[in-house]
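Within every chain, numbering begins at 1; the chains are lettered A, B, ... in the order of the sequence lines, protein sequences first and strands thereafter. Computation of the quantities below employed the complete heavy-atom set of this structure, encompassing side-chain atoms and omitting hydrogens, waters and symmetry-equivalent molecules. Please read all numbers here as calculations on a predicted model, not as lab measurements.
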Amino acid sequence: MPDREALESPPKPMAAHTPEPTDAQAGVNKEEWVTTNVDVKGDVVADGAAAHPLDRPLDRPGADIVVDSSMRIVQISASYLALNSLLPIDGCHYHYQFAGLDVFDAIKMHGLVPEPDSWRHAIHNALTKQDAYATADIDSTGQKYWCLRVVPVFQDSKLAYIALYAQVNVARHQTEPSGGELDVNDTYRILVETVKDYAIFMLDTRGNVKTWNATATLMKGYKPEEIIGHHFSTFYGDEDIKAQKPKKELEICLREGKVEDESWRYRKNGSRFWANVVITSVYRKGMHIGFSKVTRDLTERKAAESRLISAYEESEKLKSAFLANMSHEIRTPMHGMLTALTLLMDSPLTQEQRELGGIINESGSVLLQVINDILDYSRLASGVFSISLDVISIPDIITSVVRSIRPTLKPGITLESSLSPNTPGSAKGDPLRYRQIIENLVANSAKFTDAGSIQIDVSVACDDEASYTILTEVTDTGIGIPDHGVKSLFTPFNQFDNSATKRYKGTGLGLTICKSLVELMGGEIGFRPNSDTHGCIFWFTTKIQKINKPKQVDELEKQMEGVNISPPDDPGSLLKQIAPGKRLLLAEDNYVNRRIMLKVLKKFGFEQVDTALEGASAAKLVIENPQMFDLILMDISMPVLDGIGATREIRNAGLTIPIIAMTANALKGDAEVYLAKGMDGYIQKPVRLPLLRETLLTWLKP
Amino acid sequence: MPSDPHEEERSEAGSLGLPDLGDGIDALTFEQILEMDEDEEEREFSKSIVFGFFEQAEQTFTKMDNALKQQQQQTNQIIFVFNRELRDLEELSSLGHFLKGSSATLGLTKVKDSCEKIQHYGQMKDEAGINAESDEDLCLSRIRETLVTVKEEYAEAEKVLRRFFAG
């Protein structure tokens with residue numbers, strides 16, 4: 001075989017190309033080698049030379065070898081010899097060595113390229129065709145490509161010579177290395193080694209690490225020698241391992257060819273990073289030989305994500321806070337406007353002025369409701385809304401709501417309530433929020449019902465040791481909800497009638513607020529059509545806690561029930577029962593009024609009444625001792641900070657303690673104003689004792 | 001003021017047989033105070049309240065007089081008249097409101113009504129507190145007139161009450 005490096009290296013002396021094994025020393029003694037050969041070939045040449053005129057080496061572009069019709073070499077070119085590293089040295093024409101030899105013998109003997117079979121094939125084809133024939137590239141050694149051309153020369157239709165040309169195709173060899181498998185592997189190996197940010201490594205079929213790239217070392221902290229041969233579960237956290245995640249991933253990978261996962265991975269030093277991992281099954285000739293694993297460190301991306309999320313949450317919060325503040329700020333002048341309007345309406349007006357005033361009043365009230373809704377909604381959305389755990393009497397609330405809504409109903413509509421007998425008279429929950437929900441639903445029904453009835457039903461859905469789940473349903477015979485509207489009922493700012501000419505006013509926040517409140521109270525809210533008519537049934541559940549009474553008291557009560565046939569419904573005695581356990585704060589600047597109120601409260605049975613002489617100290621006292629008081633009686637006009645300001649401060653501090661306004665301002669609409677300012681009740685001065693007693697009972701029960 | 005329940009209660013209250021307190025004092029309200037006494041002969045509580053009120057009323061009137069006097073002095077000087085008037089009107093209004101509260105509590109209806117008027121005038125409104133009044137001088141002079149009236153009403157009520165507690 002010729003030396004593979006023959007092409008790239010400068011021509012070497014014959015050493016490596018000993019024509020015959022016995023001439024091993026020929027390279028050392030060139031002269032001898034030449035002489036011997038000359039002698040040997042001499043006779044041959046003499047025969048051949050006589051046969052034709054070509055007695056010197058052919059030079060390109062002539063034929064490399066010329067043979068006669070019996071396939072004996074007539075001539076051989078120097079360049080072909082050079083190509084085979086058999087160079088004529090010092091001008092000696094070694095081609096004589098070949099003259100007269102059978103071409104195939106010569107090729108075989110001297111190891112000429114390409115191999116004899118290629119030649120034989122080419123010559124055969126040319127002779128069969130009786131025309132020139134060229135082969136396609138012949139891959140003789142895996143590195144060299146040969147192109148053979150065979151030209152038969154005919155004299156008088158008789159084959160005289162055959163000219164053989166051999167050309168090595170170097171260009172192709174250089175431009176198309178991809179044919180070599182090793183190069184592909186090298187390329188990939190280099191790519192894998194140099195790629196940044198990706199740990200790429202191979203696992204064997206059992207999941208042991210087989211290869212390890214530079215990034216893997218950087219990312220995971222293991223050097224190749226430390227990790228190769230170890231199972232890849234080394235990178236997983238304890239929990240993942242306990243859950244057999246590595247094993248499961250390989251199983252999925254085998255089943256589906258590929259598995260992708262995003263989770264925590266652990267470095268050699270125990271620190272962790274958020275990784276995206278892709279495992280792919282690797283097959284060779286249909287046989288599973290292992291897995292490839294590509295790991296990306298997404299810690300930075302995850303951090304950026306969480307920064308984005310928190311920025312978003314922050315902006316949502318700010319938005320809600322902004323809404324809440326704005327609504328609050330708008331409310332104050334709105335109240336001023338409406339109050340002034342009430343005064344205006346009391347003055348002598350013409351019929352037309354009165355009508356216009358009425359329009360302003362109605363629009364203002366609607367606007368106020370809208371603002372209140374937005375305020376509630378934004379408070380709920382920003383999470384500052386809290387649910388308090390007070391004593392809640394659902395029967396009382398229902399009665400009160402029915403009483404307050406009935407006068408606002410369109411004529412001919414009835415509003416009734418029914419409570420199942422096992423509805424608890426008192427429990428622990430948030431009476432204000434419950435009231436807000438039921439009021440909202442009933443008001444909603446009232447808004448969309450033009451004729452028929454609204455019915456409130458309360459029942460105990462279930463109860464356990466500690467709590468009742470109360471189901472409250474509001475059924476109306478109104479316009480109902482079209483099917484397409486049901487889905488979006490509880491989404492904010494949504495009214496199913498969103499047409500430009502919508503008949504019903506409102507922000508579309510009412511139900512959203514109800515939903516949030518119900519959820520805050522651990523319940524559910526829903527809608528179903530009223531099957532009797534085309535109206536609505538809105539229902540919600542609330543969990544309220546049982547009041548744990550000592551058994552003795554229960555038994556005592558049972559005995560009492562037997563004895564006392566008529567329940568003590570005298571408000572005076574009722575209040576006397578609960579008053580001693582309650583602590584009140586009286587905020588009143590007028591000495592005379594303060595003394596009288598203290599006296600009255602004492603008469604009612606209150607033993608602990610604190611006083612504040614103006615609003616700021618009242619607010620301070622309550623905020624600093626949020627659990628101390630059960631109720632505040634708040635004068636409106638006080639120095640330093642008036643009752644409204646003090647109430648605002650207390651409410652802003654998140655306290656829901658009942659605040660009852662007291663004032664001698666006997667203006668119509670004042671009560672509404674104070675209630676809107678965060679107060680819970682309103683008593684006019686001079687205080688009528690029965691009214692005060694009733695109000696205290698409402699807010700202190702039991 | 002809610003009048004209906006008020007009237008009903010008044011007729012009930014009449015049965016207590018209180019001496020006639022005149023039309024300046026609302027019997028029902030005053031009775032409420034009297035009911036707080038532990039001892040109907042001594043009337044320690046109501047007495048101390050009422051006498052405390054006398055003190056408060058007289059102090060308030062003095063403050064009102066002072067505010068008006070300052071006004072008078074101020075009108076002779078040109079500087080800051082406008083601001084001064086407003087500030088004094090505010091002060092007078094709040095004094096009116098203050099005395100209104102306690103007189104209402106004791107049932108001194110006439111005094112209470114007049115105090116309310118002063119409160120409204122001080123707010124630059126008409127006597128009912130409904131229509132705005134832009135003339136400060138007019139408001140001031142109305143307060144001055146009303147103050148005279150309310151002092152008379154108070155004196156009448158004081159006389160009745162002192163007699164009541166003396167008797």
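The interface of residues 605-620 of chain A with chain B, defined by heavy-atom distances below 4.5 Å, is empty. The stretch residues 46-55 of chain B places B/Ser48, B/Ile49, B/Gly52, B/Phe53 near chain A, each with some heavy atom under 4.5 Å from a heavy atom of that chain.
The two residues A/Lys599 and B/Met36 have their closest heavy-atom pair at CE-O, 2.9 Å. Annotation for A/Lys603 and B/Glu35: closest pair NZ-O, 3.1 Å, computed over non-hydrogen atoms. In plain terms, the two heavy atoms of B/Ile130 and A/Ser347 that are nearest each other are CG2-CB, 3.4 Å. Contact record, B/Gln56 with A/Tyr591: NE2-N, 3.7 Å, taken as the closest heavy-atom pair. Closest non-hydrogen pair, B/Ser102 versus A/Val592, comes out as CB-CB, 3.6 Å.
A 4.5 Å side-chain heavy-atom check between B/Gln32 and A/Ile596 finds every atom pair outside the cut-off.
Legend: residues meeting side-chain hydrogen bond (donor to acceptor under 3.5 Å, both in side chains) with B/Glu58, ordered by chain and number and at least two apart, are B/Tyr154. The salt bridge (Lys or Arg N to Asp or Glu O under 4.0 Å) test applied to B/Glu153 returns no partner, not counting sequence neighbours.
Atom CZ of A/Arg594 and atom OG1 of B/Thr105 lie 12.0 Å apart (nearest 0.5 Å). If you take NE2 on B/His97 and CG on A/Asn590, they are separated by 8.5 Å, rounding to the nearest 0.5 Å.
Counting non-hydrogen atoms of other residues, nucleotides and ligands closer than 6.0 Å to CD of A/Gln353 gives a total above 12. By the 6.0 Å contact criterion, NZ on B/Lys151 is enclosed, its count of non-hydrogen atoms from other residues, nucleotides or ligands being greater than 12.
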